[in-house]
Amino acid sequence: MSVNESESKSVSVAEEKKKLLRQYEHDDGHFSLVRSFRLADLITIMNGVCGTLSILSSARYLLLSSNLPGPPSAEALRTLYFAHLLPILGFGFDALDGKVARWMGGGSMLGQEMDSLADLVSFGVAPATLAFTLGLRTPLDLLALLMFVSSGLARLARFNATVALIPSDASGKSKYFEGLPIPSSLFLTSLMASWVKMGWHALGSEGDIPMGVFTLWGKRGGWGDVHAISGLFAIWGAMMVSKTLRVPKL
């Protein structure tokens, strides 16, 4: 795509956004936001609900397991498994909202922004919270998790801003993703669920997650400790914001 073609497409995208925003220009009545929701928007909200409930379930697991002399109770483990299941359910809503939007004649600007926010919660913040819950709690672990979530946020913002500039097929669907799409973090969520089953977590039978802790500097138990698995979250974040990694759309 030439520079002139790119600039022309950017102008047309901006004009299209202004046109779509006019539907909210004079809608200032009571509950106007709620009244403007479409069916696809409500499905998108359910994605965010799943992500939020996953985070709260992780917190509930920690409450049920804290200060106990023995291993987590059956109720606590059920809560932890439920926290892993919810992002997967969220992905089902994420896949469904686009289909419903196309079936009903197209989505909305509001729906597009809500979709990104819901994805950040379900596929960014929720997996990071699960990782913390299972044992990634050292300062360097937290740095890796912050990088993972921040990369997901940046990747979603870039997608919203540049999706119209990515080459598309005859139906208007983009041919590829720039960088890993954030729902790919479901692989990490599924991996962590397998650790729970094997007892590979802070309160499990093995006492820690796979590959353990390395001390990069200082004494053990200090600021230099980091779990090897934290590197996987950091690498995942880097792949999400990569400009050169192109993932074909199915």
Side-chain angles (χ1 to χ4, degrees), residues 46-68 71-95 116-156 180-213 225-241:
M46 288 305 302
N47 176 17
V49 167
C50 287
T52 303
L53 192 54
S54 173
I55 296 168
L56 296 176
S57 297
S58 293
R60 176 171 170 76
Y61 165 78
L62 291 174
L63 287 174
L64 291 172
S65 304
S66 62
N67 301 321
L68 294 180
S73 64
E75 181 186 359
L77 286 175
R78 284 196 299 271
T79 302
L80 187 56
Y81 279 121
F82 185 55
H84 284 81
L85 175 64
L86 284 162
I88 299 174
L89 295 177
F91 178 72
F93 288 114
D94 186 44
S116 292
L117 294 171
D119 283 356
L120 180 63
V121 175
S122 293
F123 312 127
V125 181
T129 305
L130 285 167
F132 176 86
T133 302
L134 296 188
L136 295 185
R137 302 173 188 173
T138 73
L140 291 179
D141 290 341
L142 297 182
L143 182 62
L145 295 179
L146 286 172
M147 176 183 172
F148 170 76
V149 175
S150 299
S151 296
L153 172 62
R155 191 249 180 270
L156 289 165
L180 280 182
I182 193 170
S184 65
S185 67
L186 287 178
F187 172 82
L188 300 175
T189 301
S190 301
L191 181 64
M192 289 187 286
S194 71
W195 298 345
V196 176
K197 182 176 179 61
M198 301 297 292
W200 292 340
H201 56 99
L203 299 176
S205 58
E206 300 298 322
D208 203 355
I209 60 178
M211 301 176 68
V213 181
D225 285 3
V226 62
H227 285 85
I229 290 296
S230 292
L232 179 59
F233 281 86
I235 291 170
W236 211 273
M239 289 193 294
M240 284 195 290
V241 296

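FYI, the numbering just counts along the sequence from 1.
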Go through His84 and Leu80 one step at a time and tell me if the side-chain contact (heavy atoms from CB on, under 4.5 Å) criterion holds. CA-CA 7 Å; His84 284 81; Leu80 187 56; 3.8 Å; yes

How far does CE of Met46 sit from CG of Leu53, to the nearest 0.5 angstrom? 9.0 Å

Would you compute the distance between atom OG1 of Thr189 and atom CD1 of Ile88 and round it to the nearest 0.5 angstrom? 7.0 Å

Would you call the rings of Phe233 and Phe148 parallel, tilted or perpendicular, taking 30° and 60° as the class edges? perpendicular

State whether the number of non-hydrogen atoms from other residues, nucleotides or ligands found under 6.0 Å of Trp200 atom CH2 is greater than 12. no

Stepwise side-chain contact (heavy atoms from CB on, under 4.5 Å) check, Thr129 with Thr133: CA-CA 6 Å; Thr129 305; Thr133 302; 4.3 Å; yes

Working to the nearest 0.5 angstrom, can you tell me the gap between Phe187 CZ and Met192 CE? 10.5 Å

Distance in Å, Leu136 CG paired with Ile209 CD1, rounded so as to fall on 0.5 Å steps: 4.0 Å

Ignoring hydrogens and angles, tell me if any N or O in the side chain of Ser122 forms a donor-acceptor pair with the backbone of Gly90 under 3.5 Å. no

Of all the heavy-atom pairs spanning Pro127 and Ser185, show the shortest one and how long it is. CG-OG, 3.9 Å

Working to the nearest 0.5 angstrom, can you tell me the gap between Leu117 CG and Leu153 CG? 9.0 Å

Can you name the nearest heavy-atom pair linking Ala154 to Val241, along with the distance? CB-CG1, 4.2 Å

Using modelled atom types and a 3.5 Å cut-off, is there a donor and acceptor pairing between side-chain atoms of Ser54 and backbone atoms of Pro87? no

Decide side-chain contact (heavy atoms from CB on, under 4.5 Å) for Ile229 and Leu191; before the verdict, give the C-alpha distance in whole Å, the side-chain angles of both, and the deciding distance to 0.1 Å. CA-CA 11 Å; Ile229 290 296; Leu191 181 64; 5.7 Å; no

Main-chain N/O of Leu63 paired with Ser66 side-chain donor or acceptor, under 3.5 Å: yes

Beyond-backbone contact of Tyr61 with Phe82, side-chain heavy atoms, under 4.5 angstrom: no

List the steps, then state whether side-chain contact (heavy atoms from CB on, under 4.5 Å) holds for Ser58 with Phe132. CA-CA 9 Å; Ser58 293; Phe132 176 86; over 6 Å; no

In Å, rounded to the nearest 0.5 Å, how long is the span from CG of Leu89 to CG of Asp94? 12.5 Å

For Arg155 and Leu180, work out which heavy atoms get closest and say how close. NE-O, 2.8 Å

Gly135 to Asp141 - nearest heavy-atom pair and separation: O-OD2, 4.2 Å

Using every non-hydrogen atom in the two residues, find where Ser230 and Val226 come nearest and quote the distance to one decimal. CB-CG2, 4.0 Å

Specify the closest pair of heavy atoms between Gly152 and Leu120, including all atoms of both residues, with the distance to one decimal. C-CD1, 4.2 Å

